[in-house]
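Each remark here refers to the structure printed beneath this line.
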Amino acid sequence: MRLSEFWELMDHVFGEAYSRTLARELALDELDSRTAAQGLEDGFDPRDVWHAICNQMQVPVARRDGGDRERMVPPPR
């Protein structure tokens, strides 16, 4: 997953304004309490950050594609 795809999904699933707040403020258990923004800065793969934020926010698997059934979201590792 590219970084641009990560941000597109964030915007589609959480909304443009809220996605930026989540990325800056929500500490993610799967990233050792880093925020999504910190995880990306620290070199975590956007795919892993995406699944970490979806897991923490309890986003159903069916919604993780941002409503685009054609989009191929890589599965969690």
**OP:** Mind listing the closest non-hydrogen atom pair of Phe6 and Ala36 along with its distance?
**Re:** CZ-CB, 4.3 Å

Original post:
Does one hydrophobic cluster hold both Leu9 and Val61, with members joined at side-chain heavy-atom distances below 4.5 Å?
Top reply: no

**OP:** Hey, could you give me the OG/CD distance between Ser19 and Glu8, rounded to the nearest 0.5 Å?
**Re:** 11.5 Å

**OP:** Say whether, by atom type as modelled, one donor and one acceptor occur between the side chain of Ser33 and the main chain of Asp29 under 3.5 angstrom.
**Re:** no

Original post:
Are any side-chain N or O atoms of Asp48 and backbone N or O atoms of Phe44, one a donor and one an acceptor, separated by less than 3.5 Å?
Top reply: no

Original post:
Just how far is it from atom CZ of Arg63 to atom NE2 of His12, taken to the nearest 0.5 Å?
Top reply: 12.5 Å

Original post:
Can you tell if the side chain of Met10 reaches within under 4.5 Å of the side chain of Ile53, non-hydrogen atoms only?
Top reply: yes

Subject >> Residues which pass side-chain hydrogen bond (donor to acceptor under 3.5 Å, both in side chains) with Arg47, listed by chain and number, not counting sequence neighbours >> reply: none

Original post:
Can you find a heavy atom in the side chain of Leu3 that is under 4.5 Å from one in the side chain of Trp7?
Top reply: yes

Original post:
Do Arg64 and Trp50 touch side chain to side chain, with heavy atoms closer than 4.5 Å?
Top reply: yes

Original post:
Would a 4.5 Å heavy-atom cut-off, applied to side chains only, mark Gln38 and Leu31 as touching?
Top reply: no

Under 3.5 Å, sequence neighbours excluded: what are the donor-acceptor pairs made by side chains of residues 20-28?
from: Arg20; atom 1: NH1; to: Asp11; atom 2: OD1; distance (Å): 2.8
from: Thr21; atom 1: OG1; to: Ala17; atom 2: O; distance (Å): 3.4
from: Arg24; atom 1: NH1; to: Arg20; atom 2: O; distance (Å): 3.4

